[in-house]
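Throughout, a chain's letter reflects where its sequence line sits, starting with A, and its residues are numbered from 1.
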Amino acid sequence: MRTKIETNNVHLHYGDFHALKGINMQIPERTVTALIGPSGCGKSSYLRLFNRMNDLIDGVRIDGKILIDNTDIYAIPQSEVDRLRRKVGMVFQKPNPFPKTIFENVAYGLRVNGLKDKKLIEGQVEKALRQAALWEEVKDKLKKSAFELSGGQQQRLCIARAMAIEPSILLMDEPASALDPISTGKIEELIYELKSNFTIIIVTHNMQQASRVSDYTGFFLLGELIEFDETKKIFRNPEKQQTENYITGRFG
Amino acid sequence: MLHVESEIQELKDRLIAMWDLVIKQLDKTQQALEGHDRDLALEIQATERRINAFELTIDRSCEDFIALLQPVASDLRFVLTALKINTNLERIGDIACGISEFISDHDTEFNREIIKHMEADRMLTLSIEMVKNLREAYLLENTAKARTVYKRDRMLDKINSVASFRAVDCLEKYPDQKRQTLHVLSMIRKIERIGDQAKNIAEEIIFYIEAKVIKHKRKEKDKEE
């Protein structure tokens with residue numbers, strides 16, 4: 001399987017705080033990778049490296065190499081960062097639709113990226129909403145406000161919004177933690193379907209979710225990647241005792 | 001103690017209680033055979049119901065453990081192993097009961113010479129040792145001890161493989177005790193199956209503790225040997 005993302009000896013500092021310590025990982029294309037670990041272990045910081053979101057934080061320092069499609073994303077000129085972010089979509093913990101219509105939420109990114117053709121935009125919006133398994137539920141109310149949707153629908157709308165600009169990587173930071181079990185199930189089903197087209201990295205605190213949706217799992221602790229392996233291996237028989245303690249709830 | 005740990009301990013205690021009952025059944029089977037104690041044989045048959053009840057309770061506990069605690073890694077291996085050992089022990093209980101039926105069905109004592117020549121008594125001793133050693137191996141989480149059953153199982157297989165020839169000897173030597181000879185042969189077949197069940201339990205213990213699947217690898221190794 002082709003490697004989509006590779007990090008080599010990555011260190012991240014927020015001022016004096018050493019948040020990530022020498023992380024090495026190779027993420028294969030079109031797979032789902034779950035990042036797990038206790039709060040503050042660095043998994044979300046690691047996730048935000050891939051679309052250079054950490055750049056926006058004062059005092060941040062990043063060392064090591066982060067390659068996407070063999071390109072060092074921290075060696076590209078600033079003018080290329082927008083293009084990188086088009087390639088790497090992101091979905092956050094809480095659904096955060098824009099105060100616009102359902103249609104405009106998805107069309108927004110397309111317009112920002114210079115697409116003007118109305119027919120093309122409509123086609124892309126429908127495609128993204130279908131990919132997000134939301135089309136059937138919203139096709140008759142595209143002009144309604146996104147805030148009229150339920151929490152689960154809003155989160156799928158945000159996924160559609162991220163997918164509309166056709167990224168190849170989707171980052172998800174606890175995308176279902178604010179949702180009920182039915183909406184969570186829909187998001188997980190969606191993740192499972194989307195991996196045929198996208199490389200997905202998901203941060204989750206839910207062990208069952210990690211084991212259900214991911215192909216690979218990375219366990220972080222105090223800024224270190226303790227173990228990274230196939231999800232089956234991690235949840236059957238992890239190599240490290242710390243991983244075993246964490247996934248079996250004996251972490252203390 | 002964490003909730004999951006107390007549930008594991010509870011399930012382990014139940015399994016050990018069942019193990020003890022099965023060992024008792026085997027010991028009684030040996031006593032009943034040695035002394036041709038038909039009352040004891042009937043007692044074994046009556047106790048079989050308790051083993052069946054144990055099996056159902058442990059099955060149910062395992063189901064609850066999986067449904068409610070959603071175990072992974074060593075916890076998952078623990079419960080999968082408990083489920084399988086439960087079945088193996090119940091079958092060993094069945095075998096003890098089956099042997100006891102041969103004893104209770106006979107009005108007269110078994111000819112010691114037939115039992116000795118066919119090594120049914122030695123087989124029973126070996127199989128009881130296997131089940132007892134496995135209980136200890138499980139309690140102590142000692143896979144080296146679990147592995148000791150392989151040697152004994154090969155001994156059982158060896159005796160079983162020559163049992164038909166020895167039965168022919170006995171049929172010729174004791175023509176008026178054909179029924180006894182055939183029953184002893186049937187007992188030997190049953191005891192050999194205790195060895196198989198014990199071997200399965202050993203494999204489960206090794207899987208639980210070392211996360212190694214040795215089932216079919218072991219068969220291949222045995223063939224090579």
Side-chain angles (χ1 to χ4, degrees), chain A residues 32-38 41 43 174 176-177 179-182 184-185 187-189 192 202-221 225-252, chain B residues 1-15 61-86 137-144 146-147 200-218:
Chain A
V32 179
T33 297
L35 306 180
I36 61 170
C41 67
K43 55 191 187 302
E174 297 186 58
S177 64
L179 305 180
D180 66 60
I182 294 167
T184 300
I187 298 285
E188 287 182 8
E189 203 53 40
Y192 189 77
I202 175 172
V203 164
T204 179
H205 277 125
N206 182 331
M207 295 298 101
Q208 278 73 38
Q209 184 168 75
S211 62
R212 279 193 298 259
V213 303
S214 70
D215 304 292
Y216 295 88
T217 296
F219 170 55
F220 285 79
L221 184 64
L225 178 62
I226 303 296
E227 191 165 351
F228 177 69
D229 211 325
E230 283 186 33
T231 297
K232 278 182 188 167
K233 166 81 177 142
I234 295 280
F235 284 89
R236 269 185 182 161
N237 182 31
E239 288 290 327
K240 303 282 170 60
Q241 190 59 42
Q242 290 151 303
T243 315
E244 169 101 20
N245 289 348
Y246 184 72
I247 62 170
T248 59
R250 288 177 179 81
F251 192 78
Chain B
M1 195 186 266
L2 290 173
H3 176 209
V4 66
E5 287 169 341
S6 64
E7 292 287 336
I8 285 174
Q9 196 53 53
E10 207 171 296
L11 196 44
K12 254 186 190 169
D13 291 345
R14 278 205 188 120
L15 201 61
S61 301
C62 290
E63 194 184 334
D64 288 346
F65 190 92
I66 293 169
L68 305 177
L69 300 173
Q70 298 165 19
V72 294
S74 61
D75 294 344
L76 179 61
R77 292 200 303 279
F78 162 76
V79 70
L80 291 176
T81 299
L83 257 178
K84 289 185 183 176
I85 291 177
N86 185 35
Y138 183 73
L139 260 184
L140 302 173
E141 302 194 350
N142 182 338
T143 51
R147 284 186 166 90
N200 291 343
I201 293 175
E203 287 163 356
E204 292 309 324
I205 293 172
I206 292 163
F207 171 69
Y208 165 41
I209 296 160
E210 296 179 2
K212 280 183 191 158
V213 177
I214 56 162
K215 262 178 199 171
H216 298 296
K217 287 174 198 152
R218 187 74 219 177

Exercise. Between B:V4, B:L76, B:L2, B:D75, which has the largest tally of heavy atom pairs under 4.5 Å with chain A?
Worked result: B:D75
Problem set entry | CG on A:N245 to OG on B:S74, rounded to 0.5 Å | 8.5 Å
Problem set entry | For chain B, which residues of residues 236-244 of chain A have heavy atoms nearer than 4.5 angstrom | A:R236, A:N237, A:P238, A:E244
For this session: Identify the two heavy atoms, one from A:I247 and one from B:V72, that lie closest to each other, and give their separation to 0.1 Å.
Result: O-CG2, 3.4 Å
Seminar exercise, completed: Sequence neighbours excluded, the answer for side-chain hydrogen bond (donor to acceptor under 3.5 Å, both in side chains) partners of A:T33 is none
For this session: Answer yes or no: does atom NZ of B:K12 have more than 12 heavy-atom neighbours from other residues, nucleotides or ligands under 6.0 Å?
Result: yes
